[in-house]
*Asks:* 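A single structure is presented below for examination.
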There are 2 protein chains.
Amino acid sequence: MKELKQRSTCPVSTSLDVLGDKWTLLILRDMVFAGKSTYGQFLQSAEKMATNILADRLAVLEEQGLLTKAVAADKKSKFTYRLTEKGLDTVPIIVELVLWGAKHCPTIADPSLMAELQSGKSAAVEKYQQLAREKALA
Amino acid sequence: MKELKQRSTCPVSTSLDVLGDKWTLLILRDMVFAGKSTYGQFLQSAEKMATNILADRLAVLEEQGLLTKAVAADKKSKFTYRLTEKGLDTVPIIVELVLWGAKHCPTIADPSLMAELQSGKSAAVEKYQQLAREKALA
DNA sequence: CATTTGCACTTGCAATTCGCAAGCAAATAT
DNA sequence: ATATTTGCTTGCGAATTGCAAGTGCAAATG
């Protein structure tokens with residue numbers, strides 16, 4: 001696994017040290033908005049992430065305390081990944097990425113999600129954080 | 001210059017296709033919060049970005065319409081980079097990265113900026129966008 | 001007018017990281 | 001007992017990164 005080094009003490013820079021690549025925030029997106037929680041589910045996303053990259057990013061995210069890894073309730077050969085509060089706090093970042101992408105890039109965004117975000121951003125953020133929290137308890 | 005390819009039509013993914021690396025958002029941060037506008041100024045940031053990476057990212061950002069490049073008013077051998085509206089719209093993303101980094105990573109954040117962000121996020125976003133707009137006109 | 005300085009890159013190259021395919025081991029399913 | 005599912009690990013060629021040095025141009029200096 002790549003070791004994380006801090007390039008400066010600027011908050012933007014330290015955030016990007018953890019989240020600043022093309023895959024990490026997609027994993028978090030899948031957990032928050034698609035309710036995914038297993039390795040196999042993450043592999044099935046439209047962006048087709050490579051298996052070694054996924055394994056590496058999950059390990060970094062666990063090490064950095066954004067998610068926890070536990071043996072699944074139904075199968076011992078499966079793991080369940082859940083967001084911690086630190087991980088849940090990335091939801092506002094992901095939401096801003098959704099809004100920017102939907103406005104400025106050719107995308108196909110979920111209309112109901114877009115309506116929800118535009119009618120009340122912070123309410124939507126809290127709703128998805130709460131949904132993910134409930135998943136973590138189940 | 002790297003050509004940009006879209007991995008999927010998800011808004012998060014398309015945003016990350018442009019912004020998802022360790023350097024791009026630092027350039028935008030320097031333009032928005034430090035008022036930087038030249039190649040030499042970007043090189044002086046604490047994170048010490050390599051010159052070829054900077055040149056590449058500036059070219060991508062220009063191609064993607066987040067900033068414009070123009071000969072400087074004072075010197076013909078200098079260029080001035082300014083944010084477009086598309087570029088200014090990344091300010092909310094940067095703000096969320098500031099808040100997440102300041103909360104969860106060991107950072108040294110500007111206390112007056114933090115107070116400003118916590119007392120009214122959207123007001124602060126609009127203020128820094130307006131400051132950058134005024135710079136672009138000057 | 002020749003020379004130096006500053007600025008904005010460009011080039012070369014070694015090292016790291018990525019992405020694809022294949023392989024592997026343990027737990028289930030048949 | 002055998003096959004399949006699940007979650008990785010490994011190997012390797014290709015792409016990207018990071019560092020150092022070099023280039024070209026304009027303005028300042030002598």
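We name chains A, B, ... by the order of the sequence lines, and we start the count at 1 in each one.
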*Asks:* Under 4.0 Å: is that the gap between some side-chain N or O of Arg57(A) and OP1 or OP2 of dT17(C)?
*Replies:*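 No, Arg57(A) has no side-chain N/O under 4.0 Å of OP1/OP2 on dT17(C).
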
*Asks:* From CE of Met49(B) over to P of dT16(D), roughly how many Å is that when rounded to an integer?
*Replies:*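 Taking atom P of dT16(D) as the reference, CE of Met49(B) is at 18 Å.
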
*Asks:* Rounded to whole angstroms, how far apart are CD on Gln41(B) and C1' on dC7(C)?
*Replies:*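 Atom-to-atom, Gln41(B) to dC7(C), this comes out as 12 Å.
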
*Asks:* Is there a salt bridge (charged side-chain N to carboxylate O under 4.0 Å, His left out) between Arg29(A) and Glu47(A)? Walk through the geometry before answering.
*Replies:* CA-CA 12 Å; Arg29(A) 169 203 66 180; Glu47(A) 293 86 9; 2.9 Å; yes

*Asks:* What's the NZ-C1' distance between Lys36(B) and dC7(C), to the nearest Å?
*Replies:*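 Checked: the NZ to C1' distance equals 16 Å.
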
*Asks:* Take the protein atom NZ of Lys69(A) and the nucleotide atom P of dG7(D), then report the distance between them rounded to whole Å.
*Replies:*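 Between P of dG7(D) and NZ of Lys69(A): 10 Å.
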
*Asks:* Would you please test Ser13(A) and Ser8(A) for side-chain hydrogen bond (donor to acceptor under 3.5 Å, both in side chains) and show each step?
*Replies:* CA-CA 6 Å; Ser13(A) 162; Ser8(A) 81; 3.2 Å; yes

*Asks:* Flag yes if Leu16(A) and Leu43(B) sit in one hydrophobic cluster, no otherwise; membership is Ile, Leu, Val, Met, Phe, Trp, Tyr, and two members link when side-chain heavy atoms are under 4.5 Å apart.
*Replies:*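 Both belong to a single hydrophobic cluster.
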
*Asks:* Compute whether any side-chain donor of one residue and acceptor of the other, for Gln41(A) and Tyr81(A), lie under 3.5 angstrom apart.
*Replies:*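 Tyr81(A) and Gln41(A) do not have a side-chain donor-acceptor pair below 3.5 Å.
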
*Asks:* Over how many whole Å does the gap from Asp21(B) atom CG to dC18(C) atom C1' extend?
*Replies:*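 From Asp21(B) CG to dC18(C) C1': 14 Å.
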
*Asks:* Please work out if Phe42(B) contacts a base, only the sugar-phosphate, or nothing of the nucleic acid, heavy-atom cut-off 4.0 Å.
*Replies:*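 It contacts nothing in the nucleic acid.
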
*Asks:* Whole angstrom is fine here: how far is it from NZ in Lys78(A) over to P in dA29(C)?
*Replies:*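 Distance check: Lys78(A) NZ to dA29(C) P gives 10 Å.
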
*Asks:* Is there a side-chain contact between Lys127(A) and Leu131(A) in this structure, where contact means two heavy atoms from C-beta onward sitting under 4.5 Å apart?
*Replies:*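 Yes - at least one pair of side-chain heavy atoms lies under 4.5 Å apart.
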
*Asks:* CG of Leu54(A) versus P of dC18(C): gap in Å, rounded?
*Replies:*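 The answer, rounded to whole Å, is 13 Å.
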
*Asks:* So if I define the base as every atom that isn't primed, P, OP1 or OP2, how would nucleotides 18-30 of chain D read as a B/S/- string at a heavy-atom cutoff under 4.0 Å?
*Replies:* BBBB----SS---

*Asks:* Side-chain N or O of Tyr39(B) less than 4.0 angstrom from OP1 or OP2 on dT10(C)?
*Replies:*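 For dT10(C), OP1/OP2 do not have a side-chain N/O of Tyr39(B) under 4.0 Å.
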
*Asks:* dG7(D) C1' sits how many Å from Tyr81(A) OH, rounded?
*Replies:*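 About 7 Å, once rounded to whole Å.
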
*Asks:* Is there a donor in the side chain of Thr14(A) and an acceptor in the side chain of Gln6(A), or the other way round, less than 3.5 Å apart?
*Replies:*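 There is no such pair (donor and acceptor under 3.5 Å, judged by atom type) between the side chains of Thr14(A) and Gln6(A).
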
*Asks:* Output, in order, the C-alpha distance, side-chain angles, deciding distance and verdict of ring pair (Phe, Tyr, Trp, His ring centres under 6.0 Å) for Tyr39(A) and Phe79(A).
*Replies:* CA-CA 7 Å; Tyr39(A) 187 92; Phe79(A) 292 105; 9.4 Å; no

